[in-house]
Every structure is written in structure tokens, then in C-alpha cells.
Amino acid sequence: MVYLASEDRYEGMKYNRTGKSGLKLPVISLGLWHNFGRINNAENGRNMITRAFDLGITHFDLANNYGPPPGSAEQFFGQVIAGDLKPYRDEMIISTKAGYYMWPGPYGEWGSRKYLISSLDQSLKRMGLEYVDIFYSHRFDPETPLEETMMALDHIVRSGKALYVGVSNYNAEQTAEASRILKELGTPLLIHQPKYSLLDRWVENGLQDVLDENGIGSIAFCPLAQGMLTNKYLNGIPEDSRAAGTSVFLNKEQITPEAIRKVRALNQMAVARGQSLAQFALAWVLRGGRVTSALIGASRVSQIEENVAALSNLEFTHDELERIDSILQPAGGQEGHK
């Protein structure tokens with residue numbers, strides 16, 4: 001059956017300008033980190049991607065190593081573009097990254113010019129694209145001069161393989177220096193993709209200030225803390241949950257009584273606002289306009305629909321924000337994000 005995008009796909013979504021650039025991103029973007037690899041159900045993946053686009057999600061975020069196996073998420077996404085979304089390519093923002101391990105030998109990870117350019121060439125082939133909209137250095141390389149990594153990003157833009165460049169998992173100091181180098185090269189740093197949620201607020205200790213000072217946007221990954229900020233763990237650890245399985249990103253040790261106490265208290269606030277906990281957590285990440293977009297993952301269409309519905313209530317009162325900070329304080333009394 002031929003896919004035709006919903007005619008009203010832009011009516012319900014909100015779009016934020018990315019830093020001081022001309023690019024706008026939907027406040028909710030879809031990441032293909034999990035559930036879009038070769039081991040996953042292809043029809044479910046296709047339905048999630050097309051439904052997201054129908055809801056106004058124009059930004060799809062990938063990386064070279066997403067799968068499993070690595071590379072298979074890009075390959076699958078390329079098939080969906082070819083089969084369903086090809087007429088809408090110019091309405092889409094597609095991003096990918098390189099930095100983590102991808103192939104054996106000394107050129108298969110980190111931040112060398114050799115690796116970044118080779119990896120992007122492979123990503124473009126897997127997705128069947130001539131260019132991506134955003135290409136990221138996925139992590140800071142302590143052994144490669146930052147000038148080399150940034151010069152590779154500059155070259156990638158000038159060669160037409162990406163329209164914009166970003167960084168992910170860089171700290172405040174590294175980001176400031178990356179921005180300075182790219183500015184001198186004439187290819188501004190568009191965006192930073194940090195991990196950020198109610199339960200992980202490290203970006204507030206300097207990184208957000210660097211982004212504001214340099215006109216750089218941000219897109220928060222794991223805004224739902226790998227599912228901890230959903231209703232899944234309110235009553236313990238379900239057998240079919242990520243924490244109960246073999247995931248290296250969320251395990252039983254992280255679902256502590258203290259964590260469950262916080263999550264339950266936050267859920268009570270969410271219910272009082274007429275929101276699910278996930279909607280509440282996304283709205284909080286987007287509060288105040290300092291985050292351009294929240295990057296969600298999904299395993300089924302209904303999760304995407306629920307998350308997009310967060311747009312109906314993105315505002316918090318001063319009292320609500322103070323109450324949230326109080327809940328998030330550890331038992332010792334000092335704020336966890338300081």
C-alpha cells in the first residue's frame with residue numbers, strides 16, 4: 001500500500017529554531033537507537049516512522065552503530081525512505097553520527113578525519129542518501145587533536161555530504177573549544193546532543209551556558225531516562241522491561257527504592273497536571289526554551305502518540321518547578337544536579 005503523508009501533519013507540532021541558525025526542529029524528534037535494527041519487526045518500525053512523520057516529527061536521528069547489528073538501523077531507515085518517504089525528503093531532517101566502535105582496526109572509532117569521513121560515506125550508502133542534514137562527532141576523542149576532528153566536520157559540510165554539524169557527549173569546555181574552531185573555519189557548530197532528563201541534569205552545570213553564549217542548539221537524548229520516567233517502573237521492575245533484561249543502559253541496580261520514590265512523586269505531579277509521567281518529563285526537559293528538541297525512542301506507535309501529546313501542556317509554574325527540585329533532592333538534602 002502506497003504511503004501518503006497526512007495533509008495536516010504540521011498543524012499539531014511545534015518547531016523551535018536551533019540556536020542562532022535558520023534551521024527549525026520539531027520539539028519532539030524520533031531516535032532510532034533501539035527497535036529499528038535487523039532483529040526488530042520491520043512492519044512495526046515502518047509504522048512508527050510514518051506515524052511520527054504524520055504527527056509532524058520531521059527529524060529522525062541515527063548513528064552508524066545503531067542496530068543491532070551495527071549499521072542495520074540506517075539500512076532499515078533507508079528502505080523506509082525509498083519505499084515511503086522519498087517524495088518528502090526535503091521536508092525531513094536526517095542526522096547520523098560517528099565516534100563509537102564500528103569496525104576493527106585503528107580507523108574504526110573515535111574522532112580522526114579518516115574515521116569520520118569513511119563512516120559518513122558508509123552511512124550514506126546504507127541509507128541511500130546523497131547527504132544528511134546533520135552529522136555529529138558522537139564523542140570527544142582525547143587522543144586526536146580537536147582541530148583535526150573539527151576540520152573533518154568542516155570538510156564534510158563543504159563537500160556537500162552534510163548541511164550542518166554537531167557534537168554529542170562533549171563537556172562544556174570541549175564544546176566551547178569545538179565551537180571556536182568551527183567558527184574560525186566558517187562552519188558554525190549547529191547543535192549539541194547531550195543526555196538530559198529529570199534524573200540526569202549534568203548539562204545545567206555549565207554546558208547550557210556555553211550553548212547559549214555561542215548560539216548553539218541542543219537536542220536531549222534519553223529524556224525519559226531509558227523508561228524510568230514512564231509508568232513502567234512505578235510498581236517495581238516488570239519482567240518484560242529493559243531493566244529486567246540484559247541491557248547495559250539500564251539495569252536492576254539503578255531502579256533503587258530512592259529512584260522509585262522520586263518517580264512516584266513526580267508521577268503524582270503529572271497526574272495533577274492531566275499528563276502521563278512521560279509527557280510530564282518531556283515537558284520539563286523543554287521548559288524555558290533552552291532545549292531545542294527532545295529525542296524520544298519508541299517500541300510501538302502508541303508511545304509516539306503519547307509523547308507528542310505532551311505538547312498540549314508544556315508550561316510549568318514557579319511552584320511546580322520548586323516542587324520538582326525538592327523531589328529530586330537526595331535523602332542527604334543537597335540537590336542532585338549541583
Fill in: Residues S137 and T149: side-chain donor-acceptor under 3.5 angstrom
no
Worksheet entry | Plane angle bin for Y15 and Y10 - parallel if under 30°, tilted between 30 and 60°, otherwise perpendicular | tilted
Item to complete: Check the pair N64, S119 against side chain to side chain donor-acceptor pair (under 3.5 Å), reporting the backbone distance first and the verdict last.
Response: CA-CA 7 Å; N64 57 357; S119 178; 2.9 Å; yes
Discussion item. If you count every heavy atom of other residues, nucleotides or ligands that lies below 6.0 Å from M151 atom CE, does the total exceed 12?
Written reply: no
Discussion item. Assess the residue pair R139 and E109 against the criterion (salt bridge (charged side-chain N to carboxylate O under 4.0 Å, His left out)); give the C-alpha distance rounded to whole Å, side-chain angles, the decisive distance to 0.1 Å, and a yes or no.
Written reply: CA-CA 10 Å; R139 61 172 169 172; E109 63 179 324; 2.8 Å; yes
Practice prompt. Measure the CZ-OG distance between F36 and S299 for me, rounded to the nearest 0.5 Å.
Written response: 9.0 Å
Worksheet item: For the side chain of H59 and the backbone of P26, is there at least one donor-acceptor N/O pair under 3.5 Å apart?
Response: no
Item to complete: Hey, could you give me the CG/CD distance between L199 and Q226, rounded to the nearest 0.5 Å?
Response: 11.5 Å
Item to complete: Mind telling me whether F316 and F280 have parallel, tilted or perpendicular rings, with 30° and 60° as the class edges?
Response: perpendicular
Worksheet item: Nearest 0.5 Å, what's the OG-CG distance between S95 and L32?
Response: 9.5 Å
Worksheet entry | Shared hydrophobic cluster, V285 / L311 (ILVMFWY, side-chain heavy atoms < 4.5 Å) | yes
Fill in: Spacing of I296 atom CD1 and C222 atom SG [to the nearest 0.5 Å]
12.5 Å
Worksheet item: Looking at Y131, does the NZ or CZ of R89 lie under 6.0 angstrom from its six-membered ring centre and within 45 degrees of the ring axis?
Response: yes
Discussion item. Surrounding OH of Y107 (heavy atoms of other residues, nucleotides or ligands, distance under 6.0 Å), is the total greater than 12?
Written reply: no
Fill in: Parallel, tilted or perpendicular: ring planes of F60 versus F77, cut at 30 and 60 degrees
tilted
Worksheet item: Which word best sums up how the rings of W284 and Y196 line up, parallel for under 30°, tilted for 30 to 60°, or perpendicular for over 60°?
Response: tilted
Fill in: Crowding at CD, E173 (>12 non-hydrogen neighbours, <6.0 Å)
no
Practice prompt. Following the transitive rule for hydrophobic clusters with a side-chain heavy-atom cut-off under 4.5 Å over Ile, Leu, Val, Met, Phe, Trp and Tyr, establish whether L4 and I57 coincide in one cluster.
Written response: yes
Response to the item:
Test side-chain contact (heavy atoms from CB on, under 4.5 Å), reference P223, set D200, L229, L282, output is L282
Discussion item. Students often mix this up, so state it plainly: with edges at 30° and 60°, are the rings of F221 and W33 parallel, tilted or perpendicular?
Written reply: perpendicular
